[in-house]
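Please read the structure below before turning to the comments.
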Amino acid sequence: MTEATAIASFRRVSPAILASARMAMANDIPDTSKSEISLLLKKAAPILGIDGTTYHVLDILLGLSRGDDWKGAGRPIVAISNAKLAEYTLRSERTVTRCLRRIVEAGIAAYRDSPTGRRFVYRDNDGMVASGFGLDFTPARVRLAEIKESVDNYQRELKASQDARRAVTRFSRAIIDACEAFPEKADSWRCAAQAIMEMTVSRAEQASRLESLHSEVLEYAESRFDQHNMSCAGDIGVTSIINTTPKNLSDSNERTRSHERDIKKTDDGSAAEMAYENKPEAAVGDTQSRPRQAEKTVGDIQGAVLAAVPVGLLQVGCRAAQECVSVEFDGWSDVVGAAEMMRRMIGLSEAAWADGVGRVGRYAASAILATVLEKSLRDPELIAKPGGYFRAMVDRAVDGSLHLSKSLYGLAESGMNTRNG
DNA sequence: GTTCTGTCCGTGATGCCGCC
DNA sequence: GGCGGCATCACGGACAGAAC
């Protein structure tokens, strides 16, 4: 079916709209399924610059498309009035108009306008579109492979960036510990590490340089260990200093160890308690006690939220969210690592996310985020504003009235029912 | 300060209805 | 049948307020 894609005269046409219109006229378009394209476009939303209300509108449009139209000679044309979309999204018609324009300019749909601009679809007896006017998602079919590749690249880059960030943290901490073990080298190592951190290079490059510095630190530690062994040959009860976190190991670990590592050890409720971002420590003097007091409050809130939320519950309750971000919640590091992607998926601003993290802690905020994403994926119409929903849950967490485990048990149960049914 | 959203107003095309 | 009036639907521009 090759049919010229009409654009109404009243429409202000941009190059992006024209490009989408051209793609909508393509032949030999690849087959796909409604579920595959829906999932792919949701994953690609951050890349395509689609979030918030536009994402909601896109979700509704994809839901209204017919499965058969995504195969063969079909054309996935969706006809729904702006008024209906406004009703579904709880937005004004003007906003819906803007959202539709964004979707078209993102290159995944094209305008197929009737002379009046009204949208309608007539189908023949076989159910094929005989005459259709509305939003044509043929461009999404045409770009199927390209979008897949973009999503893969995006997720690879995101993972590389996360890995680099973790490496920077890991090596920085190891170097700081080494500074305590070898005070004679502390100044030079600190300066070198500081210089690397202040470089305007990529996170991966920083990680690489810190790794080199860390290797030097280890070499020095080994040489000192050899000297020590030689001078102490024959002694009994010699303590090795090769460990960069020596005599005060436990203390150092309390301060610097990776929460992710700790949390991964257990999957029961106690993991949450270990996940406090700011673990209360013994009083260390008046000058430090006040900020620590504030940190402890965040830790308390986080502990209260996560007390009954093992990561396994998130894994079972948030299936759709995991699928959507292509991350398995095997450990808390996975949940926290996927937070950026999930934040984009629900259209939450960076500032709102940072605020949430500051108020309830990174782990609790990530768990809340996963729950909101899961709910919005399962029933977009139930949560008109996922960002607002997230903020409300954070407020409740601060008030102590949030019971995340109940929500997750409910999601886990309904998820199982859906699969079984 | 920027972005998002809602409101108001004007334009264009068509369909429906009543009147001549 | 032709005409005019009205309603409907969709759009864009401008502006103001809210949210971030």
Side-chain angles (χ1 to χ4, degrees), chain A residues 4-21 24 45-61 64-65 77-122 130-137 339-360 362 365-366 368-369 372-373 376 380-381 383-398:
Chain A
T5 298
I7 299 178
S9 58
F10 51 72
R11 209 177 286 286
R12 188 170 51 86
V13 179
S14 67
I17 290 175
L18 272 180
S20 293
I47 311 168
L48 297 167
I50 292 173
D51 60 4
T53 309
T54 310
Y55 181 87
H56 194 178
V57 170
L58 173 64
D59 196 44
I60 292 169
L61 293 176
L64 288 171
S65 69
I77 298 172
V78 180
I80 178 174
S81 69
N82 288 346
K84 273 284 169 208
L85 280 172
E87 189 185 324
Y88 291 158
T89 56
L90 298 177
R91 300 280 175 212
S92 68
E93 291 181 36
R94 185 75 185 92
T95 298
V96 167
T97 303
R98 289 177 182 130
C99 292
L100 294 177
R101 191 179 177 88
R102 278 186 211 125
I103 289 170
V104 172
E105 291 191 328
I108 55 174
Y111 289 118
R112 185 178 283 269
D113 292 328
S114 67
T116 62
R118 282 175 168 76
R119 303 181 190 123
F120 54 89
V121 174
Y122 293 133
S131 175
F133 299 100
L135 272 298
D136 184 355
F137 278 92
E340 173 64 15
M341 186 78 155
M342 295 192 288
R343 178 186 74 74
R344 287 166 185 262
M345 297 298 259
I346 69 162
L348 182 70
S349 70
E350 282 184 44
W353 167 242
D355 179 60
V357 170
R359 295 174 71 199
V360 303
R362 186 167 296 278
S366 300
I368 291 172
L369 193 55
V372 174
L373 176 60
S376 70
E381 288 173 31
I383 301 178
K385 298 177 182 175
Y389 200 91
F390 171 82
R391 281 190 286 275
M393 287 181 85
V394 168
D395 286 343
R396 287 173 58 197
V398 173

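These numbers come from the heavy atoms of this one structure, side chains and all, not from hydrogens, waters or symmetry mates. Below, read A as the first sequence line, B as the second, and so on, with proteins coming before strands; counting in each chain starts at 1.
Between the side chain of A:Thr97 and the backbone N or O of A:Glu93, at least one donor-acceptor pair lies under 3.5 Å.
In this structure A:Glu105 satisfies the side chain to side chain donor-acceptor pair (under 3.5 Å) test together with A:Ser14, sequence neighbours excluded. Applying the side chain to side chain contact (heavy atoms under 4.5 Å, CB included) rule to A:Arg119 yields the partners A:Ala79, A:Asn82, A:Leu100, A:Leu135; only residues at least two apart in sequence or on another chain are considered.
Listed by first then second residue, pairs satisfying salt bridge (Lys or Arg N to Asp or Glu O under 4.0 Å) with a partner in residues 388-397 of chain A read A:Arg359-A:Asp395, not counting sequence neighbours.
On the nucleic acid side, DNA chain C contacts chain A at distances under 4.0 Å to non-hydrogen atoms, with the end points of that region at C:dT8 to C:dC20.
Two residues are said to be in side-chain contact when any heavy atoms from C-beta on lie closer than 4.5 Å; A:Leu61 and A:Asp59 fail this criterion. The closest side-chain heavy-atom distance from A:Ile108 to A:Leu58 is below 4.5 Å. With contacts defined as side-chain heavy-atom distances shorter than 4.5 Å, the pair A:Phe137/A:Ser65 does not qualify. Side-chain contact between A:Trp353 and A:Ser366 is present, with heavy atoms from C-beta onward closer than 4.5 Å. Residues A:Tyr111 and A:Arg101 meet the side-chain proximity criterion, which asks for heavy atoms closer than 4.5 Å.
Here the CD1 atom belonging to A:Ile77 is positioned 10.5 Å from the CZ atom belonging to A:Phe120, to the nearest 0.5 angstrom.
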Which atoms of nucleotides 9-11 of chain B (N or O only) lie under 3.5 Å from a protein N or O atom, and what are those distances?
none

Original post:
Which letters describe nucleotides 2-7 of chain B, given B = protein heavy atom under 4.0 Å from base, S = only from sugar-phosphate, - = neither?
Top reply: ---BBB

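Position along DNA chain C of the nearest nucleotide to A:Ile17 versus A:Arg118 favours A:Arg118 as the more 5'-ward residue.
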